[in-house]
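Reviewing the structure listed below.
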Amino acid sequence: MKTRYFSTFQLFLMTLFAVLIVVAKIALRLPLQLSGHSGVFWMAIIIVGSRVVPKIGSASLIGLLSGILASFLGLGDFGAINTLLSYTMIGVGTDLALLLLGNPENLFVAGIAGALGHFCKFLVKWAFGAITGAPVGFIALGLAKAIVGYIVFGAIGGILGGLTLIALRKAGYFKYLQEKK
Amino acid sequence: MFNLSQKGKTRSILLNEASPLRRLDPRSKLFVSIALSLAVMLPLDKLIIFIGVYIIFIAWARLLLEMARQTWRLRWILLFLFVIDWWLVSFELAAVITLRLILLSGVFALFFSTTSTNELSMALESLRIPYRFAFSINLAFQSIGLLQEEWQAIREAQQSRGILVKFDGIRQLIKQVNDLIALTVPAIVLATRRAWAITEAAYSRGFDSPQRVSYYQLQMNWIDWLFIGLILAIMLTFIFWR
Amino acid sequence: MPVVLEAQEISFIYPQNNRGLAPVSLSLAENEGVFISGNSGSGKSTFTRCLSGLIPHLYRGEFSGKVLIHGDSTQDLPMWELADRVGLVFQNPAHQMLAPTVEAEILFGLENLGISRADMKQRLEEIFGFFKLEPFRNRSPHTLSGGEQQKLALASILARQPEIFIFDEPLSMLDTTSALEFVAHVENLINKGKSAVICEHRDKFLENSTHFRKFLLPGIHQPPAEQQDITHPDYPESLDQFQLQVRNLSVEKSGNKIIREMSFSLDSGQIVAIVGRNGAGKTTLLRSLVGLQKHNGDICINNGTINQKPHFRMVFQNPDIQLFNPSVKDEILFKVSRPNMQRYEWLLEMLDLRRYEDTPPLLLSEGEKRRLALALTLMQNGKHGVLLDEPALGQDQHHKDILIQLLKKLSQAGFLVIFTTHDLELAAHADHLILISPQGIVADGPTHEVLHADSAWQQIGLVRPDWMTFDV
Amino acid sequence: MNQKVRVIIAIVIIIVLVGAVIGIEYLRGQQIAAQIDASLEPGDIPVYWNGNLRAAFSPTDIDNLPPASFQDAEEGKTQDGWLLKDVIMIYFNENQFKDDTIIKVISTSREKSVDLTWEEVANTENMVMFDLSGRGTLKLVSLLERLDVRDEWIQDVDRIEINTR
């Protein structure tokens with residue numbers, strides 16, 4: 001076996017986590033009138049993924065792969081580039097947050113990392129609006145609401161991710177992973 | 001290509017077989033999409049003419065329906081932006097932004113609705129992306145349907161155990177976060193099992209072999225070059241013409 | 001005859017649960033077939049991975065001994081080169097499909113051989129002709145039936161033309177007809193000079209073939225000595241009598257009629273088997289009964305003035321969709337309000353789960369997980385009974401016996417027990433047998449009568465092999 | 001660095017990012033105002049909407065609006081010009097106004113101003129309008145009782161403020 005940064009198994013794992021994100025995004029439309037609610041499962045999966053493949057860049061790669069998928073499926077409202085970028089940035093943001101914060105099996109860490117990662121998605125959407133010249137009023141009307149929504153749901157997602165990791169560890173998942181190269 | 005159903009509604013992107021763009025090499029389509037998206041930098045008068053040419057092009061490519069659908073999904077946002085821009089700044093700015101958004105939201109749809117996942121991964125491979133990654137993309141597309149079925153099965157099975165997963169508000173959501181691991185843990189486990197099964201299956205059929213020869217090949221034909229040339233010419237005309 | 005594959009005192013221990021393969025030696029000659037038998041837990045799957053080189057190339061753990069393929073040790077050759085010499089077919093055909101179309105599935109292996117495109121094309125066409133896969137060429141492998149998928153799995157390995165074939169329980173997902181066909185394909189390979197190793201616990205399909213020599217895998221954990229006359233305690237509760245009635249049930253999924261116009265009625269206190277080929281709507285029928293499937297027609301209890309809906313619990317085919325707790329005990333009792341601990345004890349006893357009470361569910365074997373899923377379902381109150389979707393998958397004979405015992409106890413307590421299966425031996429233990437096809441019910445009656453209704457079996461296309469004895 | 005410090009850093013980052021977004025949005029609002037500000041020439045009359053500069057016009061900008069006129073009761077002179085409503089409608093939409101929206105027309109040089117409600121302005125019978133004076137400045141005249149004599153007119157209008165609250 002050639003040694004690589006990501007083993008083939010890890011690559012496939014990240015691929016399928018990216019698929020899970022897209023599936024969760026489609027299957028879960030919460031009846032909540034707040035922007036960013038899909039972040040709950042989204043951040044949970046990203047946070048779990050970054051631990052299951054414990055290498056820097058895994059969250060970014062999951063984000064990128066889910067972005068490619070979502071662009072192809074026509075998810076997201078502002079066209080493919082926006083979708084691709086915002087999905088990818090979630091991963092990059094989470095990677096950076098975890099680089100700073102460490103292990104998300106600490107629920108506090110998980111919550112903050114989730115909030116930060118998810119907020120990056122907001123930043124992309126917002127920057128996209130600013131660059132195409134969307135005027136002051138565009139987000140301003142709901143700016144505060146949108147920011148709060150993204151941060152809160154990101155944090156809930158992060159905590160769910162942390163809880164999932166703890167449950168996975170107790171259920172013997174990491175031992176199962178350990179034997180696979 | 002694949003169906004993503006959700007509460008009876010079926011959402012899908014279908015490969016548009018009727019479009020003449022189907023016959024082009026995915027790489028030339030990718031190039032064209034990127035080139036066209038650069039038009040957002042044009043000033044209003046040129047942009048209006050450009051959009052005219054773009055619509056004729058889309059109509060020729062038989063993608064008008066896809067584009068219209070894409071724009072239709074944006075209708076409220078576009079309308080909102082237009083009104084606000086007009087009110088706050090000027091009609092011109094409102095028009096420019098609306099046109100830019102319409103262009104940006106649709107221009108990659110012409111790539112995605114005329115390219116199969118297989119072609120996408122071949123294009124990636126020919127753009128020097130390692131085969132493992134190109135294969136992963138292909139794998140991802142095949143797995144959407146399967147993982148969605150699994151996700152559905154998990155929800156059903158856990159609901160029948162009394163793990164009620166109904167979201168009626170943010171307060172309840174926070175209360176239920178602990179129960180949600182009944183969904184996420186099995187989902188992660190199943191995805192992991194599939195990843196491992198694919199790893200084993202792939203390696204037992206010689207995956208990672210340095211001798212690999214691809215059976216299907218992408219071929220840039222004269223029509224691809226013609227097409228790229230044409231688009232380049234159009235873009236240059238728009239940039240330099242005053 | 002020259003030896004093509006030789007395993008010298010190989011053993012393997014998984015780090016996760018210290019199970020694996022006890023030291024074993026085997027040699028396989030050219031043009032020879034070996035049938036590996038062993039209880040679940042004896043390491044059949046591990047053995048196939050050792051022989052094909054996946055262990056130690058892809059697995060971490062304690063591997064000792066040596067596997068020689070054409071004289072070369074598996075540890076010295078890279079995985080892709082090993083794959084050229086040994087072809088491995090896995091247990092679940094659906095899990096090894098990795099391409100978008102049937103054609104691409106076969107090509108995947110060919111591309112890795114490094115042969116010319118012309119050669120690939122030739123081999124591709126040969127395989128399509130040989131397995132009669134032409135009608136499926138551009139379909140997604142995931143839309144094929146289990147039997148077709150297993151055929152495709154074999155085809156995609158065969159196209160690579162390895163000398164040695166290794167099969168990991170290839171029959172477990174197949175109905176009798178597909179299983180017999182599959183065995184015939186493998187026999188054909190041996191006739192052509194290939195060598196094959198099949199690990200399988202559906203012994204009967206291979207024991208009668210002259211192509212295979214039987215080899216018993218010793219196993220690390222011997223199952224407890226089988227006590228023949230062990231008396232199991234009765235189910236601690238009992239249910240009232242009732243009758244389940246189904247009238248004009250039909251189900252449509254995305255325009256296709258999965259079930260058409262089914263009507264039948266079943267009395268409580270019996271075991272009912274539903275048998276049919278893949279795609280006949282067995283699972284959909286269970287889902288309708290438990291209320292998960294949108295359907296037309298009536299499903300009710302005690303055709304009286306009150307149109308009462310039945311209240312069943314269902315054991316799903318894949319146990320992994322439910323397990324997430326840190327221990328078997330937590331899993332069984334999760335969200336059960338005021339659990340009946342008497343029933344809990346009874347389930348642990350009957351399902352042979354007591355020694356795993358504190359074990360994390362994910363570390364159990366497939367068969368054990370299935371029993372756990374059964375236990376957690378039975379712990380919930382089902383007023384009328386329990387439905388089981390393919391309960392025999394992954395269970396060896398010993399545990400199938402346990403399962404039958406348990407189902408009998410439940411039916412004695414007044415439960416209506418309904419299960420689907422492609423395992424006719426298991427079906428033979430039911431009191432009542434329903435044969436279904438996509439066109440509807442083909443036969444419905446007491447098991448011993450339906451088993452001998454020759455025309456019905458012909459109609460649904462299921463073979464009842466001679467060696468199956470149905471006089472239970 | 002211990003965990004606590006890292007968590008605090010992360011929270012600070014979030015706060016900084018949020019602050020940056022809100023700040024940039026605010027600045028962009030200012031910028032648009034500044035753009036209009038920069039293009040202001042002497043004699044231009046700025047229009048404020050709830051305190052924010054939204055537009056500006058000079059008397060020559062409005063001379064192709066539909067003309068309006070009335071005879072003033074005091075002197076019997078004909079007042080010619082353009083309705084304030086039409087001027088405002090160049091920049092705003094009718095549905096942005098409520099009946100009680102206050103439109104303040106100011107002359108800083110004469111330290112005079114008047115508060116009009118939208119209801120008054122919108123009613124064309126009130127003839128709330130600008131008349132172009134000989135010096136090229138605008139004066140506000142009307143048939144409304146509190147604006148119908150020379151003393152009440154606002155001469156040399158140089159600022160309009162609209163308040164919806």
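Predicted, not measured: the structure shown is a model, and the values here were computed from it.
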Exercise for review: Apply side-chain contact (heavy atoms from CB on, under 4.5 Å) to the pair B:V185 and A:K170, showing each step before the final yes or no.
Suggested key: CA-CA 11 Å; B:V185 170; A:K170 281 192 195 149; over 6 Å; no

If you look at every heavy atom in [X] and [Y], which pair is closest and at what distance?
X: B:Q148; Y: A:V23; value: CA-CG1, 3.8 Å
X: B:A191; Y: A:L16; value: O-CD1, 3.2 Å
X: B:A140; Y: A:V19; value: O-CG2, 3.5 Å

Review point. Do B:T192 and A:Y176 get their side chains close enough for a donor-acceptor pair, meaning under 3.5 Å?
Key: no

**Study point:** Any pair counted as ring pair (Phe, Tyr, Trp, His ring centres under 6.0 Å), so long as it reaches residues 88-114 of chain A, sequence neighbours left out
**Key:**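 Matches after skipping sequence neighbours: none remain.
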
Point to revise | Whether B:W196 and A:F9 hold their rings parallel, tilted or perpendicular, with breakpoints at 30° and 60° | key: perpendicular

Point to revise | Residue-level interface, residues 54-67 of chain A with chain B, non-hydrogen cut-off under 4.5 Å | key: A:L61, A:L65

Spatial distance of atom [atom1] ([X]) from atom [atom2] ([Y]) [nearest 0.5 Å]:
X: A:F6; Y: B:S136; atom1: CZ; atom2: OG; answer: 11.5 Å
X: A:I159; Y: B:L180; atom1: CD1; atom2: CG; answer: 12.0 Å
X: B:F207; Y: A:T8; atom1: CZ; atom2: OG1; answer: 5.0 Å
X: B:I137; Y: A:L69; atom1: CD1; atom2: CG; answer: 7.0 Å
X: B:I188; Y: A:F17; atom1: CD1; atom2: CZ; answer: 4.0 Å

Check your understanding: With sequence neighbours left out, what residues match B:A123 under side chain to side chain contact (heavy atoms under 4.5 Å, CB included)?
Key ->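 Applying side chain to side chain contact (heavy atoms under 4.5 Å, CB included) to B:A123 gives B:P26, B:R27, B:L218.
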
Practice item. Name all residues meeting the side chain to side chain contact (heavy atoms under 4.5 Å, CB included) criterion together with B:S121; count only those two or more places apart in sequence or in a different chain, and write none if there are none. Key: B:N118, B:A134, B:N138

So which residue, [options], ends up with the most heavy-atom pairs under 4.5 Å with chain B?
options: A:V48, A:I45, A:T15; result: A:T15
options: A:I166, A:L177, A:L20; result: A:L20
options: A:I68, A:L163, A:T164, A:L13; result: A:T164

Practice item. Inspect the surroundings of CZ in B:R62 and state if more than 12 heavy atoms from other residues, nucleotides or ligands are less than 6.0 Å away. Key: no

Practice item. Against chain A, label B:L190 side chain, backbone, both or neither, depending on which of its atoms sit under 4.5 Å from a heavy atom there. Key: neither

Practice item. Could you look at B:F135 and say if it's the side chain, the backbone, both or neither that has a heavy atom under 4.5 Å from chain A? Key: side chain

Point to revise | Min side-chain heavy-atom separation B:L147-A:V22 under 4.5 Å | key: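 No, side chains not in contact.
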
